[in-house]
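These notes are about the structure you will find just below.
Only this structure's heavy atoms are used, side chains among them; waters, hydrogens and symmetry mates stay out. This structure is a prediction, so every number in the text was calculated from the model and none was measured.
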Amino acid sequence: SADKAISLYKLALGLYPENMLFASKLALIYNQAGFPENAAPLFLKVLSVKTDDLEANLGLARAYAALGFLSRAKDFYSRAVILQDFSGPAVEEYALCMLRKRDWPEALFLAGMGARTAPHSAFWPLVEARVSAGQGNYHKALSAIEGAIRLDSSRRLRLERALYLLLGGLPRRAI
């Protein structure tokens with residue numbers, strides 16, 4: 001069905017190249033189908049006409065992140081989360097992208113903003129823990145992961161705590 005949708009939107013875009021709705025929808029389909037290299041130029045085309053298009057900014061950020069262009073993704077994620085006033089799932093995606101990029105200051109900033117908008121989410125202390133661990137400060141990471149575990153005591157979080165204990169030189173506690 002993705003192939004049919006791509007064919008139809010390509011035809012529509014060929015007939016009406018000035019219609020940015022067709023370009024935007026085709027780019028979204030390309031992203032969802034796993035072709036971010038085809039989606040990026042279409043999102044850029046949409047953004048050349050309307051720079052504050054939330055869907056296009058977020059779609060381009062996702063495409064660039066999928067392609068491994070994390071610095072470019074950062075630019076468009078930041079625009080998208082500003083347009084959303086730092087709420088919604090885009091902020092979490094942006095934080096994960098910054099962790100992957102190892103942009104610790106930006107990831108910490110997002111964790112702070114996210115914690116203000118969703119104080120009962122374990123995701124934000126987890127981001128703080130991963131930033132600290134990425135910087136080699138496992139004791140600080142341990143403190144942050146404990147905060148995440150207080151909000152959600154899932155097995156995954158407890159295993160990550162054990163890893164921080166092990167890396168922090170506390171193997172008996174890790175066991």
Q.
Ring-plane angle category for Tyr16 and Phe22, please: parallel below 30°, perpendicular beyond 60°, tilted otherwise.
A. tilted

Q) Taking C-beta and beyond as the side chain, do Pro125 and Leu151 meet within less than 4.5 Å on heavy atoms? A) yes

Q | Inter-residue atom distance Leu28.CG - Arg62.CZ, 0.5 Å rounding | A | 8.5 Å

Q: With the side chain counted from C-beta on, respond yes when Cys97 and Tyr77 share a heavy-atom pair under 4.5 Å apart, and no when they do not.
A: yes

Q: May I ask you to test the Arg156-Leu126 pair for a side-chain heavy-atom distance under 4.5 Å?
A: yes

Q) Are Ile29 and Leu15 in one and the same hydrophobic cluster, where Ile, Leu, Val, Met, Phe, Trp and Tyr link if side-chain heavy atoms are under 4.5 Å apart? A) yes

Q) Would you say Phe109 and Leu96 are hydrophobically clustered, going by side-chain heavy atoms of ILVMFWY under 4.5 Å? A) yes

Q: Decide, yes or no, whether a salt bridge links Glu160 with Arg130 under the criterion of side-chain N to carboxylate O below 4.0 Å.
A: yes

Q) Does Lys101 NZ have over 12 foreign heavy atoms under 6.0 Å away? A) yes

Q: Could you tell me which non-hydrogen atom of Leu110 sits nearest to which non-hydrogen atom of Trp124, and how far apart they are?
A: O-CZ3, 3.6 Å

**Q.** Nearest heavy atoms of Leu44 and Tyr64, plus distance in Å
**A.** CD1-OH, 3.6 Å

Q: Grab the two heavy atoms, one from Ile145 and one from Leu142, that are nearest each other, plus how far apart they are.
A: CG2-O, 3.2 Å

**Q.** Inter-residue atom distance Leu58.CG - Leu83.CG, 0.5 Å rounding
**A.** 10.0 Å

Q. Can you check whether Glu128's main-chain N or O pairs, donor with acceptor, with Ser132's side chain at less than 3.5 Å?
A. yes

Q: Evaluate the criterion side chain to side chain contact (heavy atoms under 4.5 Å, CB included) for residue pair Trp104 and Leu99; output intermediate values, then yes/no.
A: CA-CA 7 Å; Trp104 309 133; Leu99 286 173; 3.9 Å; yes

Q.
Could you walk me through whether Met20 and Lys50 satisfy the side chain to side chain contact (heavy atoms under 4.5 Å, CB included) test, starting with their C-alpha distance in whole Å, then the side-chain angles of each, then the deciding distance to 0.1 Å, before giving a yes or no?
A. CA-CA 9 Å; Met20 291 300 111; Lys50 187 176 179 193; over 6 Å; no

Q: Specify the closest pair of heavy atoms between Ala107 and Val131, including all atoms of both residues, with the distance to one decimal.
A: CB-CG2, 3.6 Å

Q: Using the side chain to side chain contact (heavy atoms under 4.5 Å, CB included) rule, take Leu165 and His139 through it: C-alpha gap first, then chi angles, then the decisive distance, then the call.
A: CA-CA 8 Å; Leu165 285 165; His139 295 292; over 6 Å; no

Q) Does any non-hydrogen side-chain atom of Ser24 lie less than 4.5 Å from one of Leu26? A) no

Q) Hey, is the main chain of Ala118 close enough, under 3.5 Å, to the side chain of Ser121 for a donor-acceptor pair? A) no

Q.
I'd like to know if the side chain of Asn38 and the backbone of Ala27 have a donor-acceptor N/O pair within less than 3.5 Å.
A. no

(Q) So, taking the atom named OG in Ser71 and the one named CZ in Phe76, what distance separates them when rounded to the nearest 0.5 Å? (A) 12.0 Å

Q: Could you tell me whether the side chain of Ser153 and the main chain of Ile149 form a donor-acceptor pair under 3.5 Å?
A: no

Q: Determine whether Phe123 and Phe86 fall in the same hydrophobic cluster, where Ile, Leu, Val, Met, Phe, Trp and Tyr are linked whenever their side-chain heavy atoms lie under 4.5 Å apart.
A: yes

Q. So which heavy atom on Arg102 is nearest to which on Gly134, and how close?
A. NH2-O, 3.5 Å

Q | Rounded distance (nearest 0.5 Å) linking atom CD of Glu55 with atom CG of Leu47 | A | 11.0 Å

Q | Criterion side-chain contact (heavy atoms from CB on, under 4.5 Å) against Leu13, the qualifying member of Lys25, Lys45, Glu18 | A | Lys45

Q. Distance under 6.0 Å and angle within 45° of the ring axis: does Arg161 meet both against Tyr164?
A. no

Q. What's the spacing between Arg173 CZ and Leu166 CG if we round to 0.5 Å?
A. 12.5 Å

Q.
To check you understand the geometry: which heavy-atom pair defines the closest contact between Val127 and Ala111, and what is its length?
A. CG1-CB, 4.0 Å

Q) Is it true that Leu42 and Leu8 fall in one hydrophobic cluster, defined by side-chain heavy atoms closer than 4.5 Å? A) no

**Q.** Ile82 side, atom CD1; Asp52 side, atom CG - distance, nearest 0.5 Å
**A.** 12.0 Å

Q.
Quiz question: by atom type and distance under 3.5 Å, do the side chains of Glu106 and Tyr94 form a donor-acceptor pair?
A. yes

Q: Under the side chain to side chain contact (heavy atoms under 4.5 Å, CB included) rule, what do Leu170 and Tyr138 come out as? Steps first, then yes or no, please.
A: CA-CA 10 Å; Leu170 302 167; Tyr138 299 110; over 6 Å; no

